[in-house]
Amino acid sequence: MQSILKTLKKLLSIEGNKEDDVLSIHIDNSIRSILVYLNNPKFTPDDLINNFPNAIIQLAMRQYRAIKDDSMGISSITQG
């Protein structure tokens, strides 16, 4: 998981260890989200970390940016 954290920090231009705890939470949430999406008990968190690190990084990066940009809420709903 350290390599995922390191890559995530590079992509987000984060230096130092100040955000490591927050980023680790986003990584864990991403792993859980992917496991729920897959809905397959054969997959473990380690399977995802070893085989699908890019998916974890992309989800964690989106979560981090959404919170930092304060864009978590619904801005509009269109019904037709």
Side-chain angles (χ1 to χ4, degrees):
M1 186 150 105
Q2 288 299 321
S3 64
I4 291 175
L5 179 61
K6 184 178 176 181
T7 302
L8 189 57
K9 288 170 68 172
K10 276 187 183 181
L11 291 170
L12 293 170
S13 301
I14 296 173
E15 295 181 13
N17 301 329
K18 184 179 177 183
E19 295 285 321
D20 283 7
D21 289 340
V22 172
L23 293 173
S24 293
I25 291 169
H26 288 306
I27 291 169
D28 289 339
N29 287 341
S30 297
I31 291 169
R32 283 192 206 104
S33 295
I34 294 168
L35 287 171
V36 167
Y37 176 80
L38 293 173
N39 193 26
N40 186 337
K42 293 181 183 178
F43 285 105
T44 66
D46 288 335
D47 291 333
L48 297 182
I49 290 168
N50 294 326
N51 298 310
F52 306 107
N54 292 335
I56 297 167
I57 290 167
Q58 289 298 315
L59 283 175
M61 194 165 38
R62 286 182 185 183
Q63 290 173 15
Y64 180 82
R65 285 183 176 159
I67 289 173
K68 286 294 182 183
D69 295 342
D70 195 29
S71 60
M72 292 293 291
I74 297 172
S75 59
S76 68
I77 295 176
T78 304
Q79 295 179 336

Spatial distance of atom [atom1] ([X]) from atom [atom2] ([Y]) [nearest 0.5 Å]:
X     : Y     : atom1 : atom2 : value
Leu23 : Leu8  : CG    : CG    : 5.0 Å
Gln2  : Ile49 : CD    : CD1   : 10.5 Å
Ile67 : Ile25 : CD1   : CD1   : 9.0 Å
Ile56 : Asp28 : CD1   : CG    : 9.5 Å
Ile57 : Ser3  : CD1   : OG    : 7.0 Å
Leu5  : His26 : CG    : NE2   : 11.5 Å

Leu12 side chain near Glu19 side chain, heavy-atom distance below 4.5 Å: no

Validation row: Phe52, Ile34 side chains within 4.5 angstrom (heavy atoms):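 Side-chain contact under 4.5 Å: no.
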
Which atom of Ser30 lies closest to which atom of Ala60, heavy atoms considered: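 Scanning both residues, the minimum pair turns out to be OG-N, 3.0 Å.
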
With Lys42, the side chain to side chain contact (heavy atoms under 4.5 Å, CB included) member among Thr44, Leu38, Asn40: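 Answer after filtering Thr44, Leu38, Asn40: Asn40.
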
Tyr64/Ile14 under side-chain contact (heavy atoms from CB on, under 4.5 Å): CA gap, chis, key distance, verdict: CA-CA 12 Å; Tyr64 180 82; Ile14 296 173; 3.6 Å; yes

Lys9 side chain to Asp20 backbone, donor-acceptor under 3.5 Å: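 Absent.
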
hydrophobic_cluster_shared for Val36 and Ile31, side chain cutoff 4.5 Å: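 No, Ile31 and Val36 fall in different hydrophobic clusters.
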
Asp21 CG: over 12 foreign heavy atoms closer than 6.0 Å: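 Count not over threshold, so no.
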
